[in-house]
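Down below is the structure, laid out as structure tokens.
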There are 2 protein chains.
Amino acid sequence: MLTDEYRYRILKVLEQDPDVSQRELAKRLDISLGKANFCLKALIEKGLVKAGNFKKNPNKARYLYLLTPKGIEEKASLTHRFLLKKIKEHEVLTEEIELLRQEAFINTQEINDHE
Amino acid sequence: MLTDEYRYRILKVLEQDPDVSQRELAKRLDISLGKANFCLKALIEKGLVKAGNFKKNPNKARYLYLLTPKGIEEKASLTHRFLLKKIKEHEVLTEEIELLRQEAFINTQEINDHE
DNA sequence: TTAAGATTGTTCAGTCATTGAACGTAGATT
DNA sequence: AATCTACGTTCAATGACTGAACAATCTTAA
């Protein structure tokens with residue numbers, strides 16, 4: 001499945017490194033080759049990425065995965081959405097940690113009670 | 001699969017609310033009934049939870065899911081491990097947000113360039 | 001030039017976690 | 001007694017994911 005998470009991360013990799021193989025992309029995102037292939041195709045299908053081949057350049061991969069103007073736009077939009085999302089996650093996490101601290105503290109108290 | 005995440009969350013729910021149905025548990029953890037059933041059985045299998053039935057108590061569910069002493073111990077241990085894990089996540093998230101901020105800022109700069 | 005080797009994108013059968021409808025059972029309600 | 005409701009259990013179906021295998025292309029070596 002192509003989540004926002006991967007959409008963003010793939011666009012980011014391709015933006016600064018268009019000559020990357022699907023295997024290399026898979027490695028960087030820590031996903032399988034099959035999934036990298038699937039996601040990439042989806043991005044191409046959506047018109048966010050264009051797969052241009054470059055036979056001129058030797059010693060290189062088959063395709064250049066270039067972001068289309070739409071892709072650049074989408075990536076900027078995703079960055080913003082992601083920032084907001086991560087900030088929210090940060091807030092939640094901060095609260096979770098506080099609760100865990102209290103809980104861990106209570107646990108130590110209980111151990112003392114039993115001694 | 002019964003991950004630490006769910007092991008912890010289930011033990012936490014049961015600790016303060018032993019008379020909870022599997023359906024209710026599933027709702028609280030936002031998982032399916034089947035998974036709740038599977039995880040619960042695993043915890044019972046491991047001896048962390050004991051399913052005691054209480055026919056005395058009317059208007060109640062079939063089982064009482066009580067934490068065993070081992071379960072209480074495990075839950076305390078999980079709390080601590082979780083706290084450390086969440087703190088680590090918090091650090092990572094803080095850094096991610098900083099990077100996203102920079103990236104979002106650059107994007108706005110680029111938009112200004114094109115005007 | 002040719003043959004072998006390396007690297008690429010593509011495919012897809014297999015794996016595995018997860019779902020939720022369906023079932024049998026046992027109290028509660030009428 | 002009959003109906004209803006809520007429970008735990010099951011399991012066929014779904015869907016995401018993997019990575020070995022393949023065909024095509026480029027590189028290198030002889």
Side-chain angles (χ1 to χ4, degrees), chain A residues 1-68 71 78, chain B residues 1-68 71 78:
Chain A
M1 216 189 60
L2 178 53
T3 60
D4 268 9
E5 175 89 27
Y6 287 107
R7 205 190 325 268
Y8 167 74
R9 293 178 63 191
I10 292 175
L11 289 178
K12 182 169 183 183
V13 168
L14 297 185
E15 187 175 50
Q16 67 173 46
D17 202 354
D19 63 333
V20 67
S21 70
Q22 294 186 7
R23 281 174 176 79
E24 173 65 21
L25 181 64
K27 250 183 217 166
R28 292 203 202 174
L29 302 190
D30 198 31
I31 56 180
S32 71
L33 174 60
K35 183 170 180 178
N37 180 269
F38 177 82
C39 290
L40 208 42
K41 278 187 175 175
L43 292 178
I44 292 171
E45 183 69 24
K46 282 191 192 330
L48 304 181
V49 172
K50 185 162 189 311
N53 51 352
F54 54 124
K55 296 171 183 173
K56 304 284 178 62
N57 211 341
N59 218 359
K60 288 292 180 180
R62 190 116 58 163
Y63 287 135
L64 258 187
Y65 297 108
L66 295 165
L67 267 59
T68 64
L78 273 171
Chain B
M1 218 188 60
L2 179 53
T3 60
D4 268 8
E5 174 89 27
Y6 286 107
R7 207 191 321 270
Y8 167 74
R9 292 178 63 192
I10 292 176
L11 289 179
K12 182 169 183 183
V13 168
L14 297 184
E15 186 175 51
Q16 67 173 44
D17 202 354
D19 64 333
V20 69
S21 71
Q22 293 185 9
R23 281 175 177 80
E24 174 65 21
L25 181 64
K27 250 182 217 166
R28 292 203 203 173
L29 302 190
D30 197 32
I31 57 179
S32 71
L33 174 60
K35 181 170 180 179
N37 179 269
F38 176 80
C39 290
L40 208 42
K41 278 187 175 173
L43 291 179
I44 293 172
E45 183 68 25
K46 283 191 193 324
L48 304 181
V49 173
K50 184 161 189 311
N53 51 352
F54 55 122
K55 296 171 183 173
K56 304 282 179 65
N57 211 340
N59 220 357
K60 287 292 181 181
R62 191 117 56 163
Y63 288 134
L64 259 187
Y65 298 108
L66 296 165
L67 266 62
T68 64
L78 273 170

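Just so you know, these numbers use all the heavy atoms, side chains as well, and skip hydrogens, waters and symmetry mates.
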Near DNA chain D, under 4.0 Å by heavy atom, which residues of residues 43-50 of chain B?
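By residue number: none to list.
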Could you give the [atom1]-to-[atom2] distance, from [X] to [N], as a whole number of Å?
X: A:Gln22; N: C:dT11; atom1: CD; atom2: P; value: 10 Å
X: A:Met1; N: C:dT18; atom1: CE; atom2: P; value: 14 Å
X: A:Asn37; N: C:dT11; atom1: CG; atom2: P; value: 7 Å
X: B:Phe38; N: D:dG8; atom1: CZ; atom2: P; value: 17 Å
X: A:Leu64; N: D:dC26; atom1: CG; atom2: P; value: 14 Å
X: A:Lys27; N: D:dT18; atom1: NZ; atom2: C1'; value: 16 Å
X: B:Tyr63; N: C:dA26; atom1: OH; atom2: C1'; value: 11 Å

Side chain to side chain, [X] and [Y], heavy atoms closer than 4.5 Å:
X: B:Leu11; Y: B:Val49; result: yes
X: B:Val20; Y: B:Arg28; result: yes
X: A:Ile31; Y: A:Tyr6; result: yes
X: B:Thr68; Y: B:Leu66; result: no

A:Leu33 or B:Asp30: which one's nearest nucleotide on DNA chain C is closer to the 5' end?
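Its nearest nucleotide lies further toward 5', so the answer is A:Leu33.
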Candidates B:Leu29, B:Ile10, B:Leu25 - the one meeting side-chain contact (heavy atoms from CB on, under 4.5 Å) with B:Cys39
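When B:Leu29, B:Ile10, B:Leu25 are each tested with B:Cys39, the side-chain contact (heavy atoms from CB on, under 4.5 Å) holds only for B:Ile10.
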Choose from D:dG19, C:dT19, C:dG9 the nucleotide whose nearest atom is closest to any side-chain atom of A:Ser32.
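Side chain of A:Ser32 sits closest to D:dG19.
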Which nucleotide sits closest to the side chain of B:Ile31: C:dT10, D:dG8, C:dT19?
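Of the options given, the side chain of B:Ile31 lies nearest C:dT19.
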Just jot down the salt bridge (Lys or Arg N to Asp or Glu O under 4.0 Å) partners of A:Arg9, sequence neighbours excluded, or say none.
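With sequence neighbours excluded, A:Arg9 shows a salt bridge (Lys or Arg N to Asp or Glu O under 4.0 Å) to no residue whatsoever.
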Distance-only side-chain donor-acceptor flag, A:Gln22 / A:Tyr65, under 3.5 Å
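Yes.
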Between A:Arg23 and A:Leu2, just flag the one whose closest nucleotide in DNA chain D comes earlier from the 5' side.
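Per heavy-atom nearest nucleotide, the more 5' residue is A:Leu2.
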